Amino acid sequence: ASTKVEAILFDNIAVRMYPNPVISLTTVDLGKEPTQTVYLQLTDGTGNIIRKWVSKTRLTQLSLDGIVAGVYWVRVVVGRKSVVLPMIKS
């Protein structure tokens, strides 16, 4: 079965995350190389930050080893702008 990957337009960048649902590793794709440092945060349903990553490239792989199954959100922050992507960890 394939999962449809939808892009969220963010500061003229089409942000995608795949695969979703995730088993242990997912990729955040900014569509083009960022001009600033990219900060990524995994948060749970109560807003607690579970894990953080920093990237300077278009593709960032997020390891979710040790994260329990559930619904989470990945916040992608570039400069003063951010977008939140829903994620299911299976």
Side-chain angles (χ1 to χ4, degrees):
S2 64
T3 303
K4 184 178 178 185
V5 178
E6 292 191 31
I8 295 178
L9 194 60
F10 161 64
D11 198 25
N12 285 331
I13 298 172
V15 180
R16 294 177 175 83
M17 184 170 56
Y18 52 86
N20 190 10
V22 181
I23 294 172
S24 65
L25 195 66
T26 191
T27 300
V28 174
D29 182 351
L30 298 180
K32 65 180 182 179
E33 291 299 323
T35 57
Q36 301 178 55
T37 301
V38 179
Y39 299 92
L40 302 106
Q41 299 175 339
L42 178 69
T43 60
D44 65 14
T46 62
N48 291 321
I49 297 172
I50 307 299
R51 199 166 282 175
K52 295 180 182 182
W53 299 267
V54 178
S55 177
K56 294 186 179 207
T57 61
R58 181 186 135 211
L59 299 173
T60 303
Q61 288 194 324
L62 309 181
S63 172
L64 300 170
D65 290 337
I67 303 293
V68 298
V71 177
Y72 296 90
W73 287 265
V74 175
R75 178 179 299 276
V76 181
V77 181
V78 180
R80 297 177 143 216
K81 298 186 180 185
S82 68
V83 65
V84 178
L85 307 168
M87 184 194 74
I88 297 171
K89 170 70 165 71
S90 56

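Side chains are part of it too, since the values below use all heavy atoms of this structure and drop only hydrogens, waters and symmetry mates. This structure is a prediction, so every number in the text was calculated from the model and none was measured.
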Asker: In a table with atom names and distances, give each donor-acceptor pair under 3.5 Å that connects a side chain of residues 83-90 to protein atoms at least two apart or in another chain.
Answerer:
unit_1: Lys89; atom_1: NZ; unit_2: Ile23; atom_2: O; d: 2.9
unit_1: Lys89; atom_1: NZ; unit_2: Ile67; atom_2: O; d: 3.2
unit_1: Ser90; atom_1: OG; unit_2: Val22; atom_2: O; d: 3.1

Asker: Just verifying a value: how many Å separate Arg51 CZ and Leu62 CG, rounded to the nearest 0.5 Å?
Answerer: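 If we round to the nearest 0.5 Å, Arg51:CZ and Leu62:CG are 9.5 Å apart.
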Asker: Does the Thr26 side chain pair with the main chain of Pro19, one donor and one acceptor, at a distance under 3.5 Å?
Answerer: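 Checked: pair present.
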Asker: Is the side chain of Glu33 donor-acceptor paired with the backbone N or O of Arg58 at a distance under 3.5 Å, no angle test?
Answerer: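 Such a contact is found between Glu33 side chain and Arg58 backbone.
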Asker: Going through the checks in order, is the side-chain contact (heavy atoms from CB on, under 4.5 Å) test met by Ser63 and Leu25?
Answerer: CA-CA 5 Å; Ser63 172; Leu25 195 66; 4.2 Å; yes
Asker: If I compare all heavy atoms of Leu59 with all of Tyr18, which pair ends up nearest, and what's the gap?
Answerer: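 Nearest heavy atoms, Leu59 then Tyr18: CD2-OH, 3.8 Å.
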Asker: Quick check for you: to the nearest 0.5 Å, what is the distance between Trp73 atom CH2 and Ile50 atom CD1?
Answerer: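 Taking CH2 in Trp73 and CD1 in Ile50, the distance rounds to 11.0 Å.
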Asker: Where do Trp53 and Leu42 land on the side-chain contact (heavy atoms from CB on, under 4.5 Å) test, with the steps shown first?
Answerer: CA-CA 9 Å; Trp53 299 267; Leu42 178 69; 3.7 Å; yes
Asker: Hydrophobic cluster membership, with links at side-chain heavy-atom distances under 4.5 Å among I/L/V/M/F/W/Y: are Ile49 and Leu40 in one?
Answerer: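 Per the 4.5 Å side-chain linkage, Ile49 and Leu40 are not co-clustered.
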Asker: From Thr60 OG1 over to Asp29 CG, what is the distance, rounded to the nearest 0.5 angstrom?
Answerer: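 CG of Asp29 is found 9.0 Å from OG1 of Thr60.
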